[in-house]
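Counting convention: from 1, in listed order, for ligands and their atoms alike. Keep in mind that this is a model prediction, so the values were computed, not measured. Basis for what follows: all heavy atoms, side chains included, without hydrogens, waters or symmetry-related copies.
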Amino acid sequence: MLDYVENKKTHQTDKPLRVPTRSYTDQDQFDAEIELIFKRTPLMLAFTAELPNPGDYKTMDAVGMPVLINRDKQGEVRAFLNVCSHRGAPVAEGTGNCSRFTCKYHSWTYGSDGKLIGIAESSTFGDVDKSEMGLRQLPCEERAGMIFVCLTPNAPMDLDRYFKGYLEDFEALDFANWTYLGNRRIEGANWKIAFDGYLEGYHFKSLHPDTIFPRTPSNTMHYEGFGPNMRIGFPQHSIAEQLKDVPREQWGDRENAGYDFVRIFFPNVSLFVAPEITQVAQLFPGPTPDRNVTILNYLRREPIRDEADREAVEGAMNFFRDVTYTEDYVIGLEIQKGLESGAHDDLVFGRNERGNQFFHEWVNWYLEDDPSAPEPQM
Ligand code: FES
(Lines give C-alpha, C1' and ligand atoms only; values in the text may rest on other atoms or scores of the structure.)
Protein backbone atom coordinates (compact mmCIF):
# COMPACT_ATOMS: atom_id res chain seq x y z
CA MET A 1 0.00 0.00 0.00
CA LEU A 2 2.94 2.29 0.77
CA ASP A 3 4.37 1.56 -2.68
CA TYR A 4 0.98 2.24 -4.29
CA VAL A 5 0.75 5.71 -2.73
CA GLU A 6 4.37 6.69 -3.33
CA ASN A 7 4.35 5.50 -6.94
CA LYS A 8 0.70 6.19 -7.83
CA LYS A 9 -0.13 2.54 -8.48
CA THR A 10 -2.90 0.15 -7.57
CA HIS A 11 -3.57 -3.59 -7.55
CA GLN A 12 -4.42 -4.73 -11.07
CA THR A 13 -5.62 -7.85 -12.78
CA ASP A 14 -4.69 -8.86 -16.32
CA LYS A 15 -7.70 -7.57 -18.27
CA PRO A 16 -11.04 -5.75 -18.00
CA LEU A 17 -14.16 -7.83 -17.34
CA ARG A 18 -17.50 -7.33 -19.07
CA VAL A 19 -20.72 -8.05 -17.15
CA PRO A 20 -24.06 -8.20 -19.00
CA THR A 21 -26.37 -5.33 -18.06
CA ARG A 22 -29.28 -7.71 -17.68
CA SER A 23 -27.60 -9.37 -14.71
CA TYR A 24 -28.78 -6.28 -12.77
CA THR A 25 -32.31 -6.21 -14.16
CA ASP A 26 -33.36 -9.75 -15.09
CA GLN A 27 -35.92 -11.57 -12.94
CA ASP A 28 -34.54 -15.07 -13.72
CA GLN A 29 -31.03 -14.07 -12.75
CA PHE A 30 -32.40 -12.46 -9.57
CA ASP A 31 -34.30 -15.63 -8.63
CA ALA A 32 -31.23 -17.77 -9.32
CA GLU A 33 -29.10 -15.52 -7.10
CA ILE A 34 -31.52 -15.99 -4.22
CA GLU A 35 -31.66 -19.77 -4.65
CA LEU A 36 -28.03 -20.52 -5.49
CA ILE A 37 -26.22 -17.81 -3.55
CA PHE A 38 -28.32 -16.41 -0.70
CA LYS A 39 -29.84 -19.75 0.30
CA ARG A 40 -26.58 -21.67 0.06
CA THR A 41 -23.79 -19.53 1.51
CA PRO A 42 -23.38 -18.79 5.24
CA LEU A 43 -24.89 -15.33 5.80
CA MET A 44 -23.69 -13.15 8.65
CA LEU A 45 -27.11 -12.28 10.10
CA ALA A 46 -26.33 -11.02 13.61
CA PHE A 47 -23.58 -10.02 16.02
CA THR A 48 -22.71 -11.60 19.36
CA ALA A 49 -22.99 -8.07 20.79
CA GLU A 50 -26.57 -7.83 19.53
CA LEU A 51 -27.68 -10.86 21.57
CA PRO A 52 -25.32 -10.77 24.56
CA ASN A 53 -27.58 -12.30 27.24
CA PRO A 54 -29.39 -15.64 27.67
CA GLY A 55 -32.93 -15.21 26.31
CA ASP A 56 -32.04 -12.40 23.88
CA TYR A 57 -33.62 -12.76 20.46
CA LYS A 58 -34.05 -10.89 17.24
CA THR A 59 -36.30 -11.39 14.24
CA MET A 60 -35.56 -10.25 10.73
CA ASP A 61 -36.41 -10.70 7.11
CA ALA A 62 -33.61 -12.18 5.00
CA VAL A 63 -34.42 -12.32 1.25
CA GLY A 64 -38.08 -12.76 2.07
CA MET A 65 -37.49 -15.45 4.71
CA PRO A 66 -38.72 -14.65 8.24
CA VAL A 67 -35.85 -15.54 10.58
CA LEU A 68 -35.68 -15.76 14.38
CA ILE A 69 -32.29 -15.90 16.12
CA ASN A 70 -32.04 -16.46 19.86
CA ARG A 71 -29.64 -17.31 22.69
CA ASP A 72 -30.78 -19.95 25.18
CA LYS A 73 -30.13 -20.23 28.94
CA GLN A 74 -26.89 -22.10 28.31
CA GLY A 75 -25.69 -19.35 25.97
CA GLU A 76 -26.12 -21.34 22.77
CA VAL A 77 -27.34 -19.44 19.71
CA ARG A 78 -29.92 -20.94 17.33
CA ALA A 79 -31.75 -19.79 14.22
CA PHE A 80 -35.25 -20.77 13.09
CA LEU A 81 -37.75 -19.90 10.45
CA ASN A 82 -40.10 -17.63 12.36
CA VAL A 83 -43.18 -19.59 11.35
CA CYS A 84 -45.62 -21.32 13.71
CA SER A 85 -46.27 -24.99 12.89
CA HIS A 86 -50.01 -24.52 13.55
CA ARG A 87 -51.02 -22.13 10.79
CA GLY A 88 -47.90 -20.19 9.94
CA ALA A 89 -47.98 -16.98 11.98
CA PRO A 90 -44.70 -15.51 13.30
CA VAL A 91 -43.94 -16.61 16.86
CA ALA A 92 -41.87 -13.51 17.72
CA GLU A 93 -41.53 -9.93 16.57
CA GLY A 94 -38.81 -7.28 16.74
CA THR A 95 -36.16 -7.87 19.37
CA GLY A 96 -36.43 -8.79 23.05
CA ASN A 97 -35.65 -11.27 25.78
CA CYS A 98 -37.74 -14.29 26.75
CA SER A 99 -37.38 -17.95 27.67
CA ARG A 100 -40.21 -19.16 25.44
CA PHE A 101 -42.07 -17.92 22.38
CA THR A 102 -45.84 -17.63 22.28
CA CYS A 103 -47.53 -17.33 18.91
CA LYS A 104 -49.91 -14.38 18.91
CA TYR A 105 -52.52 -16.11 16.74
CA HIS A 106 -53.65 -19.00 19.02
CA SER A 107 -50.97 -18.93 21.73
CA TRP A 108 -49.05 -22.10 20.97
CA THR A 109 -45.75 -21.95 22.84
CA TYR A 110 -42.23 -22.96 21.86
CA GLY A 111 -39.11 -23.39 23.99
CA SER A 112 -35.88 -21.55 23.29
CA ASP A 113 -34.72 -24.74 21.54
CA GLY A 114 -37.66 -24.40 19.13
CA LYS A 115 -39.56 -27.41 20.47
CA LEU A 116 -43.34 -27.09 20.65
CA ILE A 117 -44.19 -27.17 24.36
CA GLY A 118 -47.79 -26.10 24.55
CA ILE A 119 -50.96 -26.28 22.45
CA ALA A 120 -53.69 -23.94 23.70
CA GLU A 121 -56.82 -25.81 24.85
CA SER A 122 -55.22 -29.00 23.63
CA SER A 123 -58.08 -31.23 24.81
CA THR A 124 -60.24 -29.80 22.04
CA PHE A 125 -57.57 -29.78 19.35
CA GLY A 126 -57.22 -33.49 18.64
CA ASP A 127 -54.21 -35.76 18.35
CA VAL A 128 -50.98 -34.35 16.91
CA ASP A 129 -47.40 -35.37 17.58
CA LYS A 130 -45.87 -32.36 19.32
CA SER A 131 -42.36 -33.73 18.95
CA GLU A 132 -42.59 -33.32 15.19
CA MET A 133 -44.03 -29.82 15.30
CA GLY A 134 -41.19 -27.63 16.50
CA LEU A 135 -39.96 -24.54 14.69
CA ARG A 136 -37.96 -25.33 11.58
CA GLN A 137 -34.33 -24.90 12.58
CA LEU A 138 -31.66 -23.39 10.32
CA PRO A 139 -27.92 -24.18 10.37
CA CYS A 140 -26.38 -21.58 12.68
CA GLU A 141 -22.95 -20.99 14.18
CA GLU A 142 -21.53 -18.22 16.32
CA ARG A 143 -17.91 -17.39 15.57
CA ALA A 144 -15.56 -14.47 16.26
CA GLY A 145 -18.38 -12.20 17.47
CA MET A 146 -20.76 -12.94 14.60
CA ILE A 147 -23.68 -15.27 14.00
CA PHE A 148 -23.74 -17.08 10.67
CA VAL A 149 -26.90 -18.72 9.34
CA CYS A 150 -27.70 -20.74 6.25
CA LEU A 151 -31.25 -20.13 5.02
CA THR A 152 -31.73 -23.76 3.92
CA PRO A 153 -32.67 -26.21 6.71
CA ASN A 154 -30.26 -29.18 7.03
CA ALA A 155 -27.81 -27.69 4.50
CA PRO A 156 -24.14 -28.26 5.35
CA MET A 157 -22.33 -25.15 6.63
CA ASP A 158 -18.54 -25.25 6.90
CA LEU A 159 -17.25 -21.87 8.05
CA ASP A 160 -13.59 -22.93 8.05
CA ARG A 161 -13.79 -24.00 4.44
CA TYR A 162 -15.74 -20.86 3.48
CA PHE A 163 -13.61 -18.26 5.26
CA LYS A 164 -10.19 -19.92 4.94
CA GLY A 165 -8.78 -18.42 8.14
CA TYR A 166 -10.28 -14.95 7.60
CA LEU A 167 -12.33 -15.08 10.81
CA GLU A 168 -9.07 -15.00 12.81
CA ASP A 169 -8.95 -11.31 11.88
CA PHE A 170 -12.11 -10.77 13.90
CA GLU A 171 -10.83 -12.87 16.78
CA ALA A 172 -7.75 -10.64 16.84
CA LEU A 173 -10.03 -7.57 16.93
CA ASP A 174 -11.88 -9.15 19.90
CA PHE A 175 -15.07 -8.44 17.96
CA ALA A 176 -17.14 -10.64 20.31
CA ASN A 177 -16.67 -8.13 23.14
CA TRP A 178 -17.61 -4.98 21.25
CA THR A 179 -20.80 -3.01 21.88
CA TYR A 180 -23.69 -3.07 19.44
CA LEU A 181 -24.85 0.55 19.08
CA GLY A 182 -27.84 0.17 16.75
CA ASN A 183 -28.74 0.12 13.10
CA ARG A 184 -30.32 2.11 10.28
CA ARG A 185 -32.19 0.86 7.23
CA ILE A 186 -31.85 2.26 3.71
CA GLU A 187 -33.11 1.10 0.34
CA GLY A 188 -31.36 1.23 -3.00
CA ALA A 189 -30.98 -0.33 -6.42
CA ASN A 190 -30.21 -3.94 -7.40
CA TRP A 191 -28.08 -5.48 -4.64
CA LYS A 192 -25.06 -5.91 -6.94
CA ILE A 193 -25.12 -2.26 -8.05
CA ALA A 194 -25.06 -1.25 -4.40
CA PHE A 195 -22.44 -3.86 -3.45
CA ASP A 196 -20.15 -2.89 -6.34
CA GLY A 197 -19.83 0.53 -4.69
CA TYR A 198 -18.26 -1.01 -1.56
CA LEU A 199 -15.62 -2.90 -3.56
CA GLU A 200 -13.44 -0.16 -5.07
CA GLY A 201 -11.96 3.24 -4.28
CA TYR A 202 -11.72 4.30 -7.92
CA HIS A 203 -14.70 6.62 -7.29
CA PHE A 204 -13.48 8.33 -4.10
CA LYS A 205 -12.21 11.60 -5.57
CA SER A 206 -15.13 12.01 -7.93
CA LEU A 207 -18.03 10.95 -5.70
CA HIS A 208 -16.70 11.60 -2.17
CA PRO A 209 -14.48 14.70 -2.52
CA ASP A 210 -15.33 16.01 0.95
CA THR A 211 -15.95 12.86 3.00
CA ILE A 212 -13.54 10.06 2.02
CA PHE A 213 -11.02 11.69 -0.33
CA PRO A 214 -9.46 14.02 2.30
CA ARG A 215 -8.25 10.87 4.14
CA THR A 216 -7.88 8.29 1.38
CA PRO A 217 -6.55 8.62 -2.17
CA SER A 218 -8.66 7.50 -5.11
CA ASN A 219 -7.91 4.38 -7.12
CA THR A 220 -5.39 2.97 -4.61
CA MET A 221 -6.52 -0.41 -3.32
CA HIS A 222 -4.94 -3.72 -2.35
CA TYR A 223 -7.05 -6.89 -2.44
CA GLU A 224 -6.61 -10.22 -0.67
CA GLY A 225 -8.99 -13.14 -1.19
CA PHE A 226 -10.15 -15.71 1.39
CA GLY A 227 -12.40 -18.11 -0.49
CA PRO A 228 -15.04 -15.80 -2.02
CA ASN A 229 -14.42 -13.19 0.72
CA MET A 230 -12.05 -10.24 0.54
CA ARG A 231 -9.98 -7.85 2.56
CA ILE A 232 -9.51 -4.53 0.78
CA GLY A 233 -6.65 -2.32 1.93
CA PHE A 234 -7.09 1.42 1.46
CA PRO A 235 -3.90 3.35 2.28
CA GLN A 236 -4.29 6.89 3.61
CA HIS A 237 -2.56 9.84 1.93
CA SER A 238 -0.35 10.03 5.01
CA ILE A 239 0.72 6.36 5.09
CA ALA A 240 4.42 7.12 4.57
CA GLU A 241 4.40 9.73 7.31
CA GLN A 242 2.48 7.49 9.72
CA LEU A 243 4.68 4.41 9.23
CA LYS A 244 7.95 6.35 9.13
CA ASP A 245 9.13 5.51 12.63
CA VAL A 246 7.32 2.20 12.99
CA PRO A 247 9.42 -0.97 12.60
CA ARG A 248 8.23 -2.96 9.60
CA GLU A 249 7.12 -5.97 11.67
CA GLN A 250 4.62 -3.71 13.47
CA TRP A 251 3.00 -2.25 10.36
CA GLY A 252 0.30 -4.91 10.63
CA ASP A 253 -0.88 -3.37 13.92
CA ARG A 254 -1.46 0.03 12.36
CA GLU A 255 -4.99 -0.37 11.00
CA ASN A 256 -6.64 3.09 10.93
CA ALA A 257 -3.25 4.74 11.45
CA GLY A 258 -1.83 4.88 7.93
CA TYR A 259 -4.28 2.57 6.20
CA ASP A 260 -7.81 1.19 6.57
CA PHE A 261 -9.40 -2.14 5.72
CA VAL A 262 -12.81 -2.82 4.32
CA ARG A 263 -13.67 -6.47 4.95
CA ILE A 264 -16.08 -8.12 2.57
CA PHE A 265 -18.08 -11.27 3.26
CA PHE A 266 -19.50 -12.79 0.12
CA PRO A 267 -22.20 -12.27 -0.92
CA ASN A 268 -23.52 -9.26 0.97
CA VAL A 269 -21.59 -7.83 3.92
CA SER A 270 -19.13 -4.93 4.03
CA LEU A 271 -17.39 -4.10 7.32
CA PHE A 272 -15.47 -0.86 7.74
CA VAL A 273 -13.60 -0.97 11.02
CA ALA A 274 -12.87 2.54 12.27
CA PRO A 275 -11.77 3.62 15.72
CA GLU A 276 -14.74 5.91 16.45
CA ILE A 277 -17.57 3.83 14.99
CA THR A 278 -17.59 0.73 12.82
CA GLN A 279 -20.18 0.37 10.08
CA VAL A 280 -21.28 -3.07 8.92
CA ALA A 281 -23.58 -3.04 5.89
CA GLN A 282 -25.78 -6.09 5.25
CA LEU A 283 -27.35 -5.98 1.78
CA PHE A 284 -30.44 -8.02 0.97
CA PRO A 285 -31.84 -8.34 -2.55
CA GLY A 286 -35.42 -7.49 -3.20
CA PRO A 287 -38.30 -7.54 -3.18
CA THR A 288 -37.78 -6.99 -6.94
CA PRO A 289 -34.55 -7.15 -9.02
CA ASP A 290 -34.25 -3.36 -9.09
CA ARG A 291 -34.20 -2.97 -5.29
CA ASN A 292 -32.15 -3.87 -2.24
CA VAL A 293 -32.63 -3.31 1.45
CA THR A 294 -29.47 -2.49 3.38
CA ILE A 295 -29.17 -2.67 7.14
CA LEU A 296 -26.34 -0.46 8.38
CA ASN A 297 -25.17 -1.79 11.74
CA TYR A 298 -22.94 0.21 14.07
CA LEU A 299 -20.53 -1.15 16.70
CA ARG A 300 -17.54 0.04 18.68
CA ARG A 301 -15.14 -1.33 21.26
CA GLU A 302 -16.28 0.74 24.25
CA PRO A 303 -19.68 0.51 25.92
CA ILE A 304 -21.97 3.54 25.97
CA ARG A 305 -20.82 5.79 28.83
CA ASP A 306 -23.82 8.01 29.55
CA GLU A 307 -26.75 9.92 28.06
CA ALA A 308 -24.58 12.46 26.27
CA ASP A 309 -22.52 9.67 24.74
CA ARG A 310 -25.69 7.88 23.61
CA GLU A 311 -26.86 11.07 21.94
CA ALA A 312 -23.53 11.52 20.17
CA VAL A 313 -23.67 7.91 18.95
CA GLU A 314 -27.20 8.38 17.58
CA GLY A 315 -25.98 11.49 15.74
CA ALA A 316 -22.98 9.62 14.31
CA MET A 317 -25.21 6.75 13.09
CA ASN A 318 -27.52 9.24 11.37
CA PHE A 319 -24.54 10.99 9.78
CA PHE A 320 -23.09 7.75 8.35
CA ARG A 321 -26.52 6.62 7.18
CA ASP A 322 -27.06 9.95 5.39
CA VAL A 323 -23.62 9.94 3.74
CA THR A 324 -24.03 6.32 2.58
CA TYR A 325 -27.49 7.04 1.20
CA THR A 326 -26.92 10.41 -0.44
CA GLU A 327 -23.43 9.74 -1.80
CA ASP A 328 -23.71 6.05 -2.82
CA TYR A 329 -27.30 4.81 -2.93
CA VAL A 330 -28.81 7.73 -4.85
CA ILE A 331 -26.41 7.27 -7.76
CA GLY A 332 -27.18 3.53 -7.58
CA LEU A 333 -30.85 4.27 -8.26
CA GLU A 334 -29.82 6.43 -11.23
CA ILE A 335 -27.60 3.61 -12.51
CA GLN A 336 -30.53 1.18 -12.23
CA LYS A 337 -32.63 3.44 -14.43
CA GLY A 338 -29.77 3.72 -16.91
CA LEU A 339 -29.33 -0.04 -17.13
CA GLU A 340 -33.04 -0.60 -17.65
CA SER A 341 -33.03 1.90 -20.55
CA GLY A 342 -31.22 -0.63 -22.74
CA ALA A 343 -28.42 1.85 -23.54
CA HIS A 344 -25.65 -0.77 -23.24
CA ASP A 345 -25.56 -4.56 -23.39
CA ASP A 346 -22.59 -4.81 -21.02
CA LEU A 347 -20.84 -2.91 -18.28
CA VAL A 348 -17.09 -3.11 -17.91
CA PHE A 349 -14.86 -3.41 -14.84
CA GLY A 350 -11.29 -2.19 -15.33
CA ARG A 351 -8.03 -3.95 -14.44
CA ASN A 352 -7.94 -1.65 -11.40
CA GLU A 353 -11.41 -2.77 -10.21
CA ARG A 354 -10.07 -6.13 -9.07
CA GLY A 355 -12.49 -6.51 -6.17
CA ASN A 356 -15.51 -6.07 -8.42
CA GLN A 357 -14.13 -8.56 -10.92
CA PHE A 358 -13.52 -11.07 -8.13
CA PHE A 359 -17.04 -10.58 -6.76
CA HIS A 360 -18.67 -11.09 -10.17
CA GLU A 361 -16.46 -14.11 -10.87
CA TRP A 362 -17.77 -15.66 -7.66
CA VAL A 363 -21.38 -14.73 -8.44
CA ASN A 364 -20.97 -16.54 -11.76
CA TRP A 365 -19.29 -19.51 -10.08
CA TYR A 366 -22.26 -19.99 -7.74
CA LEU A 367 -24.79 -19.50 -10.54
CA GLU A 368 -23.07 -22.24 -12.56
CA ASP A 369 -24.02 -24.60 -9.72
CA ASP A 370 -21.11 -26.94 -10.40
CA PRO A 371 -18.94 -27.48 -7.30
CA SER A 372 -16.28 -29.17 -9.44
CA ALA A 373 -15.73 -26.00 -11.53
CA PRO A 374 -12.43 -24.26 -10.66
CA GLU A 375 -12.90 -21.58 -8.02
CA PRO A 376 -11.93 -17.98 -8.88
CA GLN A 377 -8.58 -16.91 -7.44
CA MET A 378 -7.49 -13.40 -6.48
FE1 FES B 1 -49.57 -20.01 15.75
FE2 FES B 1 -52.12 -20.71 15.48
S3 FES B 1 -50.75 -19.93 13.99
S4 FES B 1 -50.89 -20.71 17.26
### Query
Can a cation-pi geometry be assigned to Lys192 and Tyr24, taking NZ or CZ under 6.0 Å from the six-membered ring centre and within 45° of the ring axis?
yes

### Task
Spell out, as yes or no, whether a donor-acceptor pair under 3.5 Å connects the side chain of Asn70 to the backbone of Ser112.
yes

### Message
Strictly under 2.8 Å of atom 2 (Fe) of ligand 1: which protein N/O/S atoms qualify?
### Response
His86 ND1, His106 ND1

### Query
Ring centres of Phe320 and Phe272 under 6.0 Å apart?
no

### Task
Give a yes/no verdict on a cation-pi contact between Arg231 and Phe261, requiring under 6.0 Å between NZ or CZ and the six-membered ring centre and an angle within 45° of the axis.
yes

### Query
Is it the case that Arg291 places NZ or CZ above or below the six-membered ring of Phe284, under 6.0 angstrom from the centre and within 45 degrees of the axis?
no

### More than 12 heavy atoms of other groups within 6.0 Å of Arg100 CZ
no

